[in-house]
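Heads up, the thing below is written out as structure tokens.
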Amino acid sequence: MATPDFIKNIRATAGHQLLYLPGVTAVVFDDEGRVLLGRRADNGEWSVVGGIPEPGEQPAEAAVREVFEETGVECVVERVVLVQTLRAVQYGNGDICQFMDITVACRATGGEACVNDEESVEVGWFRVDALPEMREFANFRIKQALANEPTWFAQPGEMPLGVAGVGVTPEGH
């Protein structure tokens, strides 16, 4: 995942200490009910699209931007699916982050699915009954988007999920 410039600026003075950051995840469906996935460049695993909102950017706007930047697909956000604080992760360079993830269900409106930046090595549409192997992070979000239920929130004391395939959980977090 490319690190936004505003986080690089914070890291210049904050060092590797824990940063609590917003994150958005987009579960995008097409008119055939297929879900859009990308194979991540950092770990080679399939996952839903996600990223970090820029300062002042609304979560829905960030989700639409991230989907287009990573996959070339245009979409609209239809609803909030899930809100959850994820487990803290430590990246290979020593940076520690914890994300407050807002997952949204989206409908594709145009564009062609393609690798559109350096964050993915492959992009594609998948039938929900024929998904590739993925981490629980992605599977749970797709399940919640398909359920068409009220927004899911973690309950007090519930263990957070990890970030899709990045870093390791630092000791003490």
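The model shown is predicted, which means the values in this text are computed figures rather than measured ones.
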Task: Contacts of D5 that satisfy side chain to side chain donor-acceptor pair (under 3.5 Å) - sequence neighbours left out - done: none
- [ ] Could you give me the CA-CA distance, side-chain angles and deciding distance for R135 and E45, then say whether salt bridge (charged side-chain N to carboxylate O under 4.0 Å, His left out) is met?
- [x] CA-CA 8 Å; R135 292 182 184 238; E45 296 180 7; 2.5 Å; yes
Task: Partner set under side chain to side chain donor-acceptor pair (under 3.5 Å) for N9, not counting sequence neighbours - done: none
Open item on the list: Can you give me the closest heavy-atom contact between P53 and V24, atom names plus distance?
Closed with: CG-CG1, 3.9 Å
Open item on the list: According to side chain to side chain contact (heavy atoms under 4.5 Å, CB included), who are the partners of I10, at least two apart in sequence or on a separate chain?
Closed with: F6, A14, L19
What donor-acceptor contacts under 3.5 angstrom involve side-chain atoms of residues 30-39, with partners at least two apart or in another chain?
unit_1: D30; atom_1: OD1; unit_2: E32; atom_2: N; d: 3.0
unit_1: D30; atom_1: OD1; unit_2: G33; atom_2: N; d: 3.1
unit_1: D30; atom_1: OD1; unit_2: R34; atom_2: N; d: 2.8
unit_1: D30; atom_1: OD2; unit_2: R34; atom_2: NE; d: 2.6
unit_1: D30; atom_1: OD2; unit_2: R34; atom_2: NH2; d: 2.6
unit_1: R39; atom_1: NE; unit_2: E122; atom_2: OE1; d: 3.2
unit_1: R39; atom_1: NH1; unit_2: G44; atom_2: O; d: 3.0

Open item on the list: Just verifying a value: how many Å separate D42 CG and E118 CD, rounded to the nearest 0.5 Å?
Closed with: 11.0 Å
TODO: Just grab all the ring pair (Phe, Tyr, Trp, His ring centres under 6.0 Å) pairs involving residues 11-44, residues at least two apart or on different chains.
DONE: none
Task: Whether R40 side chain and V121 backbone form a donor-acceptor pair below 3.5 Å - done: no
TODO: Measure the spacing between CD of E133 and CG of L131 and express it to the nearest 0.5 Å.
DONE: 11.5 Å
Task: Donor-acceptor contact below 3.5 Å, side chain E74 vs main chain A108 - done: no
Open item on the list: Checking V77 now: which residues fulfil side chain to side chain contact (heavy atoms under 4.5 Å, CB included) with it, not counting sequence neighbours?
Closed with: A60, A63, V64, V104, C106
Task: From CD (Q144) to CD (Q84), nearest 0.5 Å - done: 9.5 Å
Open item on the list: How close do V67 and A26 get, counting heavy atoms only, and between which atoms?
Closed with: CG2-CB, 3.5 Å
Task: pair L86-F137: side-chain heavy atoms closer than 4.5 Å - done: yes
TODO: List for me each residue that meets ring-ring contact (aromatic ring centres under 6.0 Å, His included) alongside W125, sequence neighbours excluded, and say none if there are none.
DONE: none
- [ ] Kindly indicate whether the side chain of C97, heavy atoms from C-beta on, has any atom under 4.5 Å from the side chain of Y91.
- [x] yes
TODO: Starting at CG of D117, measure out to CD of E66 and round the result to the nearest 0.5 Å.
DONE: 8.0 Å
Open item on the list: Determine whether V80 and I102 satisfy the following criterion, side chain to side chain contact (heavy atoms under 4.5 Å, CB included), listing intermediate values before the conclusion.
Closed with: CA-CA 7 Å; V80 175; I102 300 171; 4.2 Å; yes
Task: Residue pairs involving residues 50-81 (criterion ring pair (Phe, Tyr, Trp, His ring centres under 6.0 Å); sequence neighbours excluded) - done: none
TODO: Taking the side chain as every heavy atom from C-beta outward, state whether I96 and V89 have any atom pair closer than 4.5 Å.
DONE: no
Open item on the list: Using every non-hydrogen atom in the two residues, find where V123 and A113 come nearest and quote the distance to one decimal.
Closed with: CG1-CB, 3.9 Å
Open item on the list: Return the NZ to OG1 distance between K8 and T3, rounded to the nearest 0.5 Å.
Closed with: 6.0 Å
TODO: Give every residue pair that meets the side chain to side chain donor-acceptor pair (under 3.5 Å) criterion with at least one member in residues 48-62, sequence neighbours excluded.
DONE: E57-R65
Task: Qualifying side chain to side chain donor-acceptor pair (under 3.5 Å) pairs, either residue in residues 100-110, two or more places apart - done: T25-D101, E78-R107, D101-T103, D101-R141, T103-R141
Open item on the list: Taking ring pair (Phe, Tyr, Trp, His ring centres under 6.0 Å) as the cut-off, I'd like each qualifying pair that reaches into residues 43-63, sequence neighbours left out, listed once.
Closed with: W46-F126
Task: Closest heavy-atom pair and its distance - C75, V28 - done: CB-CG1, 4.2 Å
Task: Shortest non-hydrogen separation from I52 to P22 and the atoms involved - done: CG2-O, 3.7 Å
Open item on the list: Return the OG to CD distance between S47 and E70, rounded to the nearest 0.5 Å.
Closed with: 9.5 Å
